[in-house]
Amino acid sequence: MHVNTPLKVHYYGSAVVLLGTRDAEGRANVAPMSSAWWLGQSAMLGMGDRSRTAQNMRATGEVTVNLVPSGLADAVDRLADLTAMDPVPETKAAKGYRFEPDKFGAAGLTEQAADLVAAPRVAECPIQLECRITAVHPFGRGCSAFEAEILRSHVDESLLVPGTAYVDPIAWDPMMMKFCDYFGEARNLRDSTLAANWRMPRGRLGARA
Ligand SMILES: Cc1cc2nc3c(=O)[nH]c(=O)nc-3n(C[C@H](O)[C@H](O)[C@H](O)COP(=O)(O)O)c2cc1C
């Protein structure tokens with residue numbers, strides 16, 4: 001039986017990324033987010049307007065999107081109550097956020113220079129995408145959707161299907177957020193018709209199902 005209930009949160013499960021940005025003065029920032037979706041060579045990134053990250057993306061038109069493996073959950077959680085906004089917006093202060101100017105340091109993460117944008121990559125992330133913001137759309141209450149064109153992808157070799165430009169879905173273990181909790185080690189559920197029709201190559205670890 002279904003119950004008609006106004007759900008408070010609709011975070012059903014999505015991959016966590018770390019967004020690397022710089023402010024107009026060149027100071028680096030890194031922030032976790034889970035509102036990213038992908039189509040072709042673009043990503044749509046949903047961020048609250050009162051985050052330093054959203055303001056940096058507007059100011060510079062650049063971002064790096066760093067895909068988080070499940071093994072980095074501790075580093076992500078160290079960022080969970082930090083913002084580079086000073087003063088901390090009231091609604092965030094009420095939720096326990098603190099100002100932190102050095103979020104890379106606070107998380108124990110390492111800045112890595114990108115090739116085509118000034119925004120920093122996150123060295124610990126095995127998939128790093130250098131992006132240019134091509135459009136910004138108002139979204140929901142107090143949020144914006146940033147269209148990001150992927151200019152260059154950096155992938156740890158161990159995640160590639162050998163001899164191809166495809167990520168091996170068995171080797172890649174994304175950190176997922178469901179309803180604000182963290183998950184990883186997703187199992188392959190069954191053979192995929194989509195993967196078969198797209199002629200997706202199989203990786204080192206073999207069959208999908
Ligand atoms: C796992 C995780 C996922 C998050 N997802 C989002 C998101 O999708 N959009 C968003 O605006 N904030 C998200 N946040 C909150 C931001 O990281 C938070 O607002 C942070 O203070 C932004 O930092 P900044 O102000 O330094 O940019 C998420 C936080 C965590 C820990």
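All figures in this text were calculated on a predicted structure; none of them were measured in a lab.
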message = Quick check against the 3.5 Å criterion: does Thr110 have a side-chain atom that pairs as donor or acceptor with the backbone of Ala123?
response = no
task = May I ask you to test the Val88-Arg98 pair for a side-chain heavy-atom distance under 4.5 Å?
result = no
ask   = Cluster question for you: counting only ILVMFWY and a side-chain heavy-atom cut-off of under 4.5 Å, with indirect links fine, are Ile133 and Val117 together?
value = no
Only pairs under 3.5 Å count here: list side-chain donor-acceptor contacts from residues 32-46, not counting sequence neighbours, and write none if there are none.
none

inquiry  = If we ignore hydrogens and angles and just use 3.5 Å, is the side chain of Asp173 paired with the main-chain N or O of Glu185 as donor and acceptor?
reply    = yes
ask   = What are the two closest heavy atoms between Thr60 and Arg22, and how far apart are they?
value = CG2-O, 3.3 Å
query = Can you tell me if Glu100 uses its side chain to pair, donor with acceptor, with the backbone of Asp102 under 3.5 Å?
reply = yes
Nearest non-hydrogen partners of Ala84 and Phe99, listed with the distance = O-CE1, 3.5 Å
ask   = Atom SG in Cys131, atom CD1 in Ile150: separation rounded to 0.5 Å?
value = 5.0 Å
message = I'd like to know whether Arg78 forms a side-chain contact (heavy atoms from CB on, under 4.5 Å) with Lys103, so could you lay out the CA-CA distance, the side-chain angles of the two residues, the decisive distance to 0.1 Å, and finally the verdict.
response = CA-CA 9 Å; Arg78 285 194 285 272; Lys103 289 171 67 187; over 6 Å; no
remark   = To the nearest 0.5 Å, atom CD of Glu149 lies from atom CG of Leu151 at 5.5 Å
message = Please report the interatomic distance OG(Ser158) to CG(Asp168), rounded to the nearest 0.5 Å.
response = 9.5 Å
Distance, nearest 0.5 Å, that separates CZ of Arg58 from OG of Ser144 = 4.0 Å
message = Quiz question: by atom type and distance under 3.5 Å, do the side chains of Thr83 and Arg50 form a donor-acceptor pair?
response = no
Members besides Met176 in its Ile/Leu/Val/Met/Phe/Trp/Tyr cluster (side-chain heavy atoms under 4.5 Å) = Phe183
remark   = Correct closest heavy-atom pair for Trp172 and Pro126 would be CZ3-CG, 3.8 Å
query = Okay, side chain of Arg121, backbone of Ala113: is any donor-acceptor separation there less than 3.5 Å?
reply = yes
Gap between atom CE of Met57 and atom CG of Asn29 - 0.5 Å precision = 10.5 Å
inquiry  = Could you report the tightest heavy-atom contact between Glu124 and Gly108, atom names first, then the distance?
reply    = OE2-O, 3.9 Å
ask   = If you take all heavy atoms of Thr64 and Pro120, which pair is closest and at what distance?
value = OG1-O, 2.6 Å
query = Of the options Glu130, Gln112, Gln128, which is the one that meets His154 in a side chain to side chain donor-acceptor pair (under 3.5 Å)?
reply = Glu130
ask   = Only one of Ile127, Leu129, Leu67, Val63 forms a side chain to side chain contact (heavy atoms under 4.5 Å, CB included) with Val17, so which one is it?
value = Leu67
note = Tightest non-hydrogen contact, residues Thr21 and Ala119, listed as CA-CB, 4.0 Å
note = Rounded to the nearest 0.5 Å, the CZ atom of Phe146 sits from the NE2 atom of His137 at a distance of 10.5 Å
inquiry  = Taking NE2 in His10 as the centre, count heavy atoms belonging to other residues, nucleotides or ligands within less than 6.0 Å. Is the count above 12?
reply    = yes
message = Which Ile, Leu, Val, Met, Phe, Trp or Tyr residues join Leu82 in one cluster when any pair of side-chain heavy atoms under 4.5 Å counts as a link?
response = Leu7, Val9, Tyr11, Tyr12, Val16, Leu18, Val30, Val68, Leu72, Val76, Leu79, Phe104, Leu109, Val122, Met175, Met177, Phe179, Tyr182
